[in-house]
Amino acid sequence: MSLPTLPPPAGRAAAAPEARAEFLLRLRARGIRDLAVLRVLEALPRELFAPPRYADLAGRDLALPIACGQTMSEPFLVASMVEALDLAPQSRVFEVGTGSGYATAVMAKLCAEVVSVERYRSLAVQAQRRLQDLGIANASVIWGNGLEMPARAERFDRMIVHAVLGDRPESLLVQLTDDAVLVYGAADGVSHGGRQQVVRAARGGGTAWSVAAICPSRLRGLEPNVSQGL
């Protein structure tokens with residue numbers, strides 16, 4: 001579904017260099033090792049994606065509430081999921097759950113293309129505007145059903161789902177390449193020690209998937225497959 005344009009947001013003060021350096025050190029201390037991911041996180045102002053009243057908390061490793069009852073994941077979770085994708089400059093990513101667009105922007109700095117779908121119209125509009133304001137031209141946001149991948153001539157080799165899946169949905173997998181990587185929240189049956197986990201599923205050129213736990217998470221279950229005009 002096409003999205004209208006909105007006026008640009010009011011300017012916000014960027015985090016001080018010392019605060020951004022501390023932000024990066026905290027992520028490294030928690031195990032994020034991919035230097036390309038870390039550089040993007042250092043350079044990309046998270047406060048531009050947070051609601052104004054929470055902008056002063058954007059440099060901390062906290063999940064923040066956004067509109068429509070949704071949540072902007074904490075930086076460590078975003079970094080862990082993006083790192084697990086193992087993006088290459090030629091990678092094409094399909095993202096389910098745009099939210100604020102922060103993870104979308106991070107991935108767009110690391111790969112060829114990101115196509116993101118968001119079920120809430122207002123979130124989709126706002127995320128697309130933020131990407132445009134930042135000059136990110138290789139990422140697009142679709143308002144619609146997260147389990148319906150748009151038909152494309154080229155298949156995606158990476159997919160990220162910011163939610164818990166009971167099973168890997170066939171409606172999405174059919175347009176992934178044979179060597180695709182999928183990162184998502186695992187249902188209880190794949191959790192470890194009673195805690196929900198983010199997992200990385202990799203397909204090595206065939207139909208079988210190898211699955212490995214990445215980190216604990218509090219992602220929600222995937223909501224009903226209906227786009228919301230809010």
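Everything quoted here is computed from the prediction, not taken from an experiment.
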Value for CE (M72) from CG (L77), rounded to nearest 0.5 Å, stands at 12.0 Å
Exercise for review: Determine whether L134 and K109 make a side-chain contact, defined as any pair of heavy atoms from C-beta on separated by less than 4.5 Å.
Suggested key: no
OG (S80) and CG (L27) are apart, to the nearest 0.5 Å, by 8.5 Å
Assess whether side-chain contact (heavy atoms from CB on, under 4.5 Å) is satisfied between R155 and D178, documenting all intermediate values.
CA-CA 10 Å; R155 293 190 292 171; D178 291 339; 4.2 Å; yes
- prompt: Do I136 and N138 have side-chain heavy atoms sitting under 4.5 Å apart?
  reply: yes
Membership question, hydrophobic clusters at under 4.5 Å side-chain separation (ILVMFWY): are V37 and L25 in the same one?
no
For A139 and L131 the tightest heavy-atom approach is CB-CD1, 4.0 Å
**Prompt:** Do L182 and V161 touch side chain to side chain, with heavy atoms closer than 4.5 Å?
**Reply:** yes
Heavy atoms of F94 and F156 approach each other most closely as N-CD2, 3.6 Å
Taken to the nearest 0.5 Å, the spacing of M159 CE from L176 CG works out to 5.0 Å
In short, V106 meets L41 closest at the heavy-atom pair CG2-CD2, 3.9 Å
Between M107 and V93, the two heavy atoms sitting closest are SD-CG1, 3.9 Å
Note: Q197 and A213 closest approach over all heavy atoms is OE1-CB, 3.7 Å
Rounding to 0.5 Å, atoms CG (L87) and CG (D34) come to a distance of 8.5 Å
Per side-chain contact (heavy atoms from CB on, under 4.5 Å), S140 is matched among V117, V115, V114 by V115
Here the side chain to side chain donor-acceptor pair (under 3.5 Å) pairs for residues 89-100, sequence neighbours left out, are R92-E113, R92-E154, E95-T104, E95-S116, E95-H162, T98-S116
Extract all donor-acceptor atom pairs below 3.5 Å that involve side chains of residues 53-65 and protein atoms in other chains or at least two apart in sequence.
| from | atom 1 | to | atom 2 | distance (Å) |
| --- | --- | --- | --- | --- |
| D61 | OD1 | F76 | N | 2.9 |
| D61 | OD2 | R30 | NH1 | 2.5 |

Discussion item. If we ignore hydrogens and angles and just use 3.5 Å, is the side chain of R158 paired with the main-chain N or O of V183 as donor and acceptor?
Written reply: no
Taken to the nearest 0.5 Å, the spacing of F23 CZ from L38 CG works out to 9.5 Å
Is there side-chain contact between R200 and V181, with at least one heavy-atom pair below 4.5 Å?
yes
Validation row: L44, Y102 side chains within 4.5 angstrom (heavy atoms) | yes
Item to check | Heavy-atom side-chain proximity of P216 to Q196 below 4.5 angstrom | outcome: no
All heavy atoms of V199 vs all of I214, minimum pair found to be C-CG1, 4.0 Å
Between Y184 and V96, is there a side-chain heavy-atom distance shorter than 4.5 Å?
no
Taking L24 as the starting point, is it possible to reach L35 by hopping between hydrophobic residues whose side chains are less than 4.5 Å apart? yes
Those residues at least two apart in sequence (or on a different chain) that pass salt bridge (Lys or Arg N to Asp or Glu O under 4.0 Å) with E22 are R26
- Message: When you measure from the side chain of E83 to the backbone of R33, do you find a donor-acceptor pair of N or O atoms at a distance under 3.5 Å?
- Response: yes
Are L123 and V141 packed together at the side-chain level, in the sense that at least one heavy-atom pair is separated by less than 4.5 angstrom? no
Distance col, row R220:CZ vs Q70:CD, nearest 0.5 angstrom, shows 5.0 Å
